[in-house]
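First listed ligand is number 1; within each ligand, the first listed atom is number 1. All figures in this text were calculated on a predicted structure; none of them were measured in a lab. The analysis underlying the following values was restricted to heavy atoms, covering all of them including side chains, and did not include hydrogens, waters or symmetry mates.
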Amino acid sequence: MALSVEHLRRTYGAFTAVDDLSFEVRAGEIVGLIGPNGAGKTTTLRSLAGILKPTSGLVRIDTHDLTGAPLEAKRRLAFMPDEPHLFEYLTVTEHLRLIGRLYGVPDIDRRSTALLGELELTGKETALPNELSRGMRQKVVIACGLVRDATTLLFDEPLTGLDPIGIRRMRTTIVARARDGAAILLSSHLLHLVEEVCTRVIIMDRGRKIADGTVAELASRADLAEAGSNLEQIFFRVTGHDTAGTAR
Ligand code: ATP
């Protein structure tokens, strides 16, 4: 199992943002993490990435316990946050070389060139972050995560801010990584895209997992049968809204 989460709980003071969350992501799977604003998706991803310390629960990356063996676990995972934070004084290539040095990537320049081509950043190698558009900065953050051989990829809103061509390319990139054996967990509000690329979907609401399965499985669940068969209809139903978005 590439990623295994057992009874994850994360509080902020007295507030519980993620509660008793358990799930697994196998190699080759793309699992979509969806839910309304404030459902706890980013808190979950940041907890899985080791940025936030879980209040309780167990996270394992390739059998390595994130709390007990953080270096082994973190070496195997890459987290791509939704806020593209980069080093102000490093160019695109220098960012990738830094990752190469930190993680001991053998052929970093060759990989970087290929990845920058794949993400349509060719020509921006010597640009500093403030010379890039927001979407380009987001792609650089993603390139930094993909340039090393992580087995578990965590994406927070990887498609937001990208243009339509960028979205299509990113989808292809994500699917290709899964085909190569990566376990992928991605959060997004773009439900039609989640439906297209994800092999399975987890729906969260108010910190809890309220649904987990393929879109077909969720659509055939007895209590959802009349909701309809697309993910948007299922989402509205399980989060207690009608299709106009009004709370029931
Ligand atoms: P969105 O779709 O809006 O990005 P999300 O599902 O990613 O939402 P989180 O960012 O994980 O949700 O937030 C979950 C809950 O935790 C929210 O109620 C939020 O207000 C709360 N929260 C997040 N960060 C903090 C913090 N640093 N301190 C206190 N509460 C927080």
Check ligand 1 for close polar pairs with the protein: N or O on both sides, less than 3.5 Å.
| from | atom 1 | to | atom 2 | distance (Å) |
| --- | --- | --- | --- | --- |
| ligand 1 | 2 (O) | Asn37 | ND2 | 3.2 |
| ligand 1 | 2 (O) | Lys41 | NZ | 2.7 |
| ligand 1 | 2 (O) | His189 | NE2 | 2.9 |
| ligand 1 | 3 (O) | Asn37 | ND2 | 2.9 |
| ligand 1 | 6 (O) | Ala39 | N | 3.1 |
| ligand 1 | 6 (O) | Gly40 | N | 2.9 |
| ligand 1 | 6 (O) | Lys41 | N | 2.9 |
| ligand 1 | 6 (O) | Lys41 | NZ | 2.8 |
| ligand 1 | 7 (O) | Thr42 | N | 2.9 |
| ligand 1 | 7 (O) | Thr42 | OG1 | 2.9 |
| ligand 1 | 8 (O) | Gly38 | N | 2.8 |
| ligand 1 | 11 (O) | Thr43 | N | 2.9 |
| ligand 1 | 11 (O) | Thr43 | OG1 | 2.6 |
| ligand 1 | 12 (O) | Gly40 | N | 3.3 |
| ligand 1 | 24 (N) | Tyr12 | OH | 3.4 |

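By the 4.0 Å N-to-carboxylate-O rule, Asp163 lies too far from Arg168 to be salt-bridged with it. At a threshold of 4.0 Å, the pair Asp212-Lys209 counts as salt-bridged, since one of the basic side-chain nitrogens sits closer than that to a carboxylate oxygen.
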Just list the side-chain donor-acceptor pairs under 3.5 Å for residues 22-37, sequence neighbours left out, or say none.
| from | atom 1 | to | atom 2 | distance (Å) |
| --- | --- | --- | --- | --- |
| Ser22 | OG | His7 | N | 2.8 |
| Glu29 | OE1 | Arg26 | N | 2.8 |
| Glu29 | OE1 | Arg200 | NH2 | 3.4 |
| Glu29 | OE2 | Arg200 | NE | 3.0 |

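Within 6.0 Å of the CZ atom in Arg206, the count of heavy atoms belonging to other residues, nucleotides or ligands does not exceed 12. For CD of Glu88, the number of neighbouring non-hydrogen atoms (other residues, nucleotides, ligands) closer than 6.0 Å is 12 at most.
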(request) Decide side chain to side chain contact (heavy atoms under 4.5 Å, CB included) for Val59 and Thr67; before the verdict, give the C-alpha distance in whole Å, the side-chain angles of both, and the deciding distance to 0.1 Å. (result) CA-CA 8 Å; Val59 177; Thr67 309; over 6 Å; no

